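If you're wondering where the values come from, they're calculated on a predicted model, not measured in any experiment. Just the heavy atoms: all of them, side chains too, but no hydrogens, waters or symmetry mates, feed the values below.
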Amino acid sequence: MIAKEVGNHVDDDGYVPVICGLSRCNKGDIDAAWEGVRYALRPRIHTFIATSEIHMRHKLRKTPEEVIQIASEMVAYARSLGCEDVEFSPEDAGRSDTEFLYRILTEVIKAGATTLNIPDTVGYTLPSEFGSLIAKIKANTPGAENVIISTHCQNDLGLATANTLAGAYNGDRQLEVTINGIGERAGNASLQEVVMAIRCRGNELLGGLYTGINSKHISVASRMPILIDLKPSDECRKSAISDLERG
């Protein structure tokens, strides 16, 4: 519904929103994401796989070479479906070996990735090192000059906004944020903080960066109620009663 209704809306200035679906690096997820976004005028598939040593070893149980192969094959698969806009994330990039990041990002660019999203998945990095990571990726990844570099920062140490701004200062041109900073664990980078920091200090300290966001709408969006239907289904109710009976 979002792809069909929002994704086909053209603003008075000609802007058309990108509608994106997130998927792991496997065909089933990518197929589901494409089915969701394919009706939009500007559809995007965002696929990801872990690249830190701890995640590859204990979560994926894959070698670095296997991870590179999966990533490049799945980006190519997403493109083969007809999706011309594919974003790739090396999950837990903040704790990944930089030389390995250069390698895998180079391969996904070759496979057709148009945006490279660099996430601080567990909110571990400090602004100085995250900004440096973005600068190093831009300088050491062949083809990086032809794609958009993006940030996705978590707030576990309270630094999501600071890290996002550090990434922007060092060349990121897509900043992934959430309204009110809502997100798993401690939350994500806050839309209102990032937008207002760029609006207030972008020209002075961030090299002239700006956004097209109308800040007058932020307060209204932040206060919009989230309606959740908490009425359990018959199946859930029966399951709960059965659990209670079993103690």
| query | When you check the gap from the basic side-chain N to the acidic O, do Lys59 and Glu91 get nearer than 4.0 Å? | reply | yes

| Are there more than 12 heavy atoms of other residues, nucleotides or ligands under 6.0 Å from atom CG of Leu41? | yes

| task | Could you tell me whether a side-chain N or O of Ser132 sits under 3.5 Å from a main-chain N or O of Ser128, the two making a donor and an acceptor? | result | no

| request: For the pair Glu193 (side chain) and Ser190 (backbone), establish whether a donor and an acceptor sit closer than 3.5 Å, ignoring hydrogens and angles. | output: no

| request: Check whether any side-chain heavy atom of Tyr39 lies under 4.5 Å from a side-chain heavy atom of Ile2, and answer yes or no. | output: no

| request: Consider only side-chain heavy atoms of I, L, V, M, F, W and Y, link residues closer than 4.5 Å, and tell whether Ile213 and Ile179 are in one cluster. | output: yes

| query | Going by heavy atoms in the side chains, are Asn188 and His152 under 4.5 Å from each other? | reply | yes

| task | Report yes or no: do Tyr102 and Asp97 form a side-chain donor-acceptor pair below 3.5 Å? | result | no

| task | Answer whether the closest heavy-atom distance between the side chains of Ser222 and Ile218 falls below 4.5 Å. | result | yes

| said: Taking the side chain as everything from C-beta on, heavy atoms only, tell me whether Arg95 gets closer than 4.5 Å to Glu53. | reply: no

| field | Asn214 side-chain N/O to Lys216 backbone N/O, donor-acceptor pair under 3.5 Å | value | yes

| task | Test side-chain contact (heavy atoms from CB on, under 4.5 Å) on Glu184 and Gln154 and set out the steps. | result | CA-CA 8 Å; Glu184 69 270 25; Gln154 302 290 136; 3.7 Å; yes

| remark: For Gly167 and Thr151, the nearest pair of non-hydrogen atoms, with its separation, is CA-CG2, 4.1 Å

| query | Heavy-atom distance under 4.5 Å between the side chains of Thr161 and Asn155, does that happen here? | reply | no

| query | Side-chain heavy atoms under 4.5 angstrom apart, residues restricted to Ile, Leu, Val, Met, Phe, Trp, Tyr: same cluster for Tyr124 and Phe100? | reply | no

| task | Indicate, with yes or no, if Met196 and Leu209 share a hydrophobic cluster defined by side-chain heavy-atom contacts under 4.5 Å among Ile, Leu, Val, Met, Phe, Trp and Tyr. | result | yes

Scan the side chains in residues 135-143 for donor-acceptor partners under 3.5 Å anywhere in the protein, sequence neighbours excluded, and list what turns up.
residue: Asn140; atom: ND2; partner: Lys136; partner atom: O; Å: 2.8
residue: Thr141; atom: OG1; partner: Ile137; partner atom: O; Å: 2.9

| message | Using the rule that Ile, Leu, Val, Met, Phe, Trp and Tyr join whenever any side-chain heavy atoms are under 4.5 Å apart, tell me whether Leu191 and Leu175 fall into a single cluster. | response | yes

| remark: Closest non-hydrogen atoms of Phe88 and Phe48, given as atom of the first, atom of the second and distance, are CE1-CA, 4.4 Å

| Can you name the nearest heavy-atom pair linking Thr51 to Ser96, along with the distance? | OG1-OG, 2.8 Å

| Any idea which heavy atoms bring Thr121 and Asp92 closest together, and the distance? | OG1-N, 2.7 Å

| note | Here the pair of heavy atoms bringing Ile109 nearest to Ala144 is CD1-N, 3.8 Å

| request: Evaluate the side-chain proximity of Leu101 to Pro90: yes if any heavy-atom separation is below 4.5 Å, no if none is. | output: yes

| said: I'd like to know if the side chain of Asn170 reaches the main chain of Ile134, judged simply by a donor and an acceptor atom lying under 3.5 Å from each other, with no hydrogens or angles considered. | reply: no

| said: For His46, run the side-chain contact (heavy atoms from CB on, under 4.5 Å) check against Leu22, Val86, Ile30, Val37 and tell me which one passes. | reply: Leu22

| Expected output: side-chain Arg42 to main-chain Val16 donor-acceptor under 3.5 Å | yes

| query | Can we say Arg79 and Glu84 salt-bridge, meaning some charged N sits less than 4.0 Å from an Asp/Glu carboxylate O? | reply | no

| message | Is any side-chain heavy atom of Thr211 closer than 4.5 Å to one of Arg199? | response | no

| message | Between Glu87 and Gln174, is there a side-chain donor-acceptor contact under 3.5 Å, judged purely by atom types and distance? | response | yes

| query | Less than 4.5 Å apart, any side-chain heavy atom of Leu126 and any of Glu129? | reply | yes

| remark: When every non-hydrogen atom of Leu116 is compared with those of Ala113, the smallest separation belongs to CD2-CB, 4.3 Å

| field | Co-membership, hydrophobic cluster, residues Ile68 and Ile118, 4.5 Å side-chain | value | yes

| Cut-off 3.5 Å, side chains only: do Glu65 and Gln69 have a donor facing an acceptor? | no

| query | Just by distance, do the side chain of Asp29 and the backbone of Arg24 share a donor-acceptor pair under 3.5 Å? | reply | yes

| Could Arg185 and Asp156 be called an ion pair, given the rule that one side-chain N must be under 4.0 Å from one carboxylate O? | yes

